[in-house]
Amino acid sequence: MAANVMPCPSCGVKNRVPAVSSGKPTCAKCHGELPWLVDATDADFAQVVDTSRLVLVDLWAPWCGPCRMVAPILEKLAHDFAGSLKVVKVNVDGSPATSQRFDASSIPMLVFLRDGAVVDTIVGAQPEHVLRSSVEQLISRG
Ligand SMILES: [Zn+2]
């Protein structure tokens, strides 16, 4: 199963964060909540977005310049909202079914999911404060 290595925001220890987990990833050392930022493909997308957290799907591609501007913002948001947000990156070139499902004809495209249902969609590279306030609003709506 795919896993990303993520430093703990509380103590800095590097942890392996699984793409799929029934619970919440926590730090092996201090048990704090870890940022959850993972890659998914058509094969495991359904499993990866099956979480009680707010899910932010990043539909991107390696050739997409604006996608590269959004990537570090999403890493920051995953860090700042550890415990309530899961960021799922999908390379549309390798995942045609997921790309089609969200009609990702223009990327970067960010799709927010709550319990598998789309609750918001943002198309195009937006500045950090726009993305941050969207995440804050959706999390507070619960
Ligand atoms: Zn820790």
Side-chain angles (χ1 to χ4, degrees), residues 1-95 97-99 101-142:
M1 186 57 72
N4 277 356
V5 175
M6 205 61 80
C8 171
S10 309
C11 71
V13 159
K14 289 199 165 81
N15 287 264
R16 284 171 59 81
V17 178
V20 177
S21 164
S22 53
K24 295 176 169 185
T26 52
C27 176
K29 194 181 174 202
C30 73
H31 306 293
E33 304 254 24
L34 293 172
W36 214 356
L37 186 148
V38 298
D39 295 295
T41 64
D42 284 350
D44 61 4
F45 185 80
Q47 278 175 287
V48 173
V49 301
D50 184 14
T51 169
S52 57
R53 290 190 194 195
L54 178 68
V55 175
L56 199 179
V57 181
D58 175 26
L59 297 160
W60 70 285
W63 44 263
C64 160
C67 296
R68 282 195 288 274
M69 288 158 54
V70 170
I73 299 174
L74 298 184
E75 281 173 31
K76 217 186 273 184
L77 294 177
H79 180 277
D80 294 352
F81 294 95
S84 40
L85 180 70
K86 183 174 188 179
V87 178
V88 177
K89 297 177 70 72
V90 177
N91 179 342
V92 293
D93 285 351
S95 303
T98 305
S99 165
R101 173 180 163 187
F102 297 112
D103 195 17
S105 48
S106 175
I107 56 170
M109 181 173 174
L110 305 176
V111 180
F112 291 94
L113 300 176
R114 173 75 78 186
D115 299 322
V118 176
V119 289
D120 202 2
T121 304
I122 296 174
V123 178
Q126 299 290 335
E128 183 182 338
H129 71 270
V130 172
L131 299 179
R132 183 179 293 274
S133 73
S134 290
V135 170
E136 275 170 355
Q137 278 175 26
L138 289 166
I139 286 175
S140 67
R141 226 187 279 169

Practice task
For the pair Leu54 and Phe81, evaluate side-chain contact (heavy atoms from CB on, under 4.5 Å) and give the outcome as yes or no after the intermediate values.
Solution key: CA-CA 10 Å; Leu54 178 68; Phe81 294 95; over 6 Å; no
Practice task
Applying side-chain contact (heavy atoms from CB on, under 4.5 Å), run through Asp80 and Arg132 and close with a yes or a no.
Solution key: CA-CA 9 Å; Asp80 294 352; Arg132 183 179 293 274; 2.8 Å; yes
Handout entry: Derivation and outcome, side-chain contact (heavy atoms from CB on, under 4.5 Å), residues Ser10 and Cys27
Key = CA-CA 9 Å; Ser10 309; Cys27 176; over 6 Å; no
Problem - Verdict with supporting geometry, Val118 and Phe102, side-chain contact (heavy atoms from CB on, under 4.5 Å) - result: CA-CA 9 Å; Val118 176; Phe102 297 112; 3.8 Å; yes
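Going from atom CZ of Phe112 over to atom OG of Ser134 covers 5.0 Å, rounded to the nearest 0.5 Å. Expressed to the nearest 0.5 Å, how far CE of Met6 lies from CD of Glu75 amounts to 7.5 Å. Atom CG in Leu131 sits 7.5 Å away from atom CG in Leu56 (nearest 0.5 Å). Note: Lys14 NZ to Lys29 NZ = 13.0 Å, rounded to the nearest 0.5 Å. Taken from CG in Asp103 to CZ in Arg101, the straight-line distance is 12.5 Å, to the nearest 0.5 Å.
Distance check for Cys64 and Cys67: the SG atoms are under the 2.5 Å cut-off.
Between Lys86 and the choices Leu113, Val57, Val48, Val17, the side chain to side chain contact (heavy atoms under 4.5 Å, CB included) rule is met once, by Val48. With respect to Leu59, the side chain to side chain contact (heavy atoms under 4.5 Å, CB included) criterion is satisfied by exactly one of Thr121, Leu110, Thr98: Thr98.
Summarising the geometry of Ala19 relative to Trp36, their closest heavy-atom pair is O-CZ2, 4.2 Å, with the distance given to 0.1 Å. Heavy-atom minimum distance, Leu34 versus Pro9: CD2-CD, 4.2 Å. Minimum interatomic distance between Ile73 and Pro127 (heavy atoms only, all atoms of both residues): CD1-C, 4.4 Å. Asp39 approaches Asp44 most closely through the heavy-atom pair O-OD2, 4.4 Å. The two atoms that bring Gln137 and Ser140 nearest to each other are O-OG, 2.9 Å, heavy atoms only. Taking every heavy atom of both residues into account, Gly83 and Arg53 meet most closely at N-NH1, 3.4 Å.
Asp93 places a side-chain heavy atom less than 4.5 Å from the side chain of Pro62.
In terms of modelled atom types and a separation under 3.5 Å, the side chain of Asp58 and the main chain of Pro108 share no donor-acceptor contact. Within the 3.5 Å criterion, the main-chain N or O of Leu37 finds a donor-acceptor partner in the side chain of Asn4.
A cation-pi arrangement is present between Lys89 and Trp60, with the terminal nitrogen or guanidinium carbon under 6.0 Å from the aromatic centre and inside a 45° cone about the axis.
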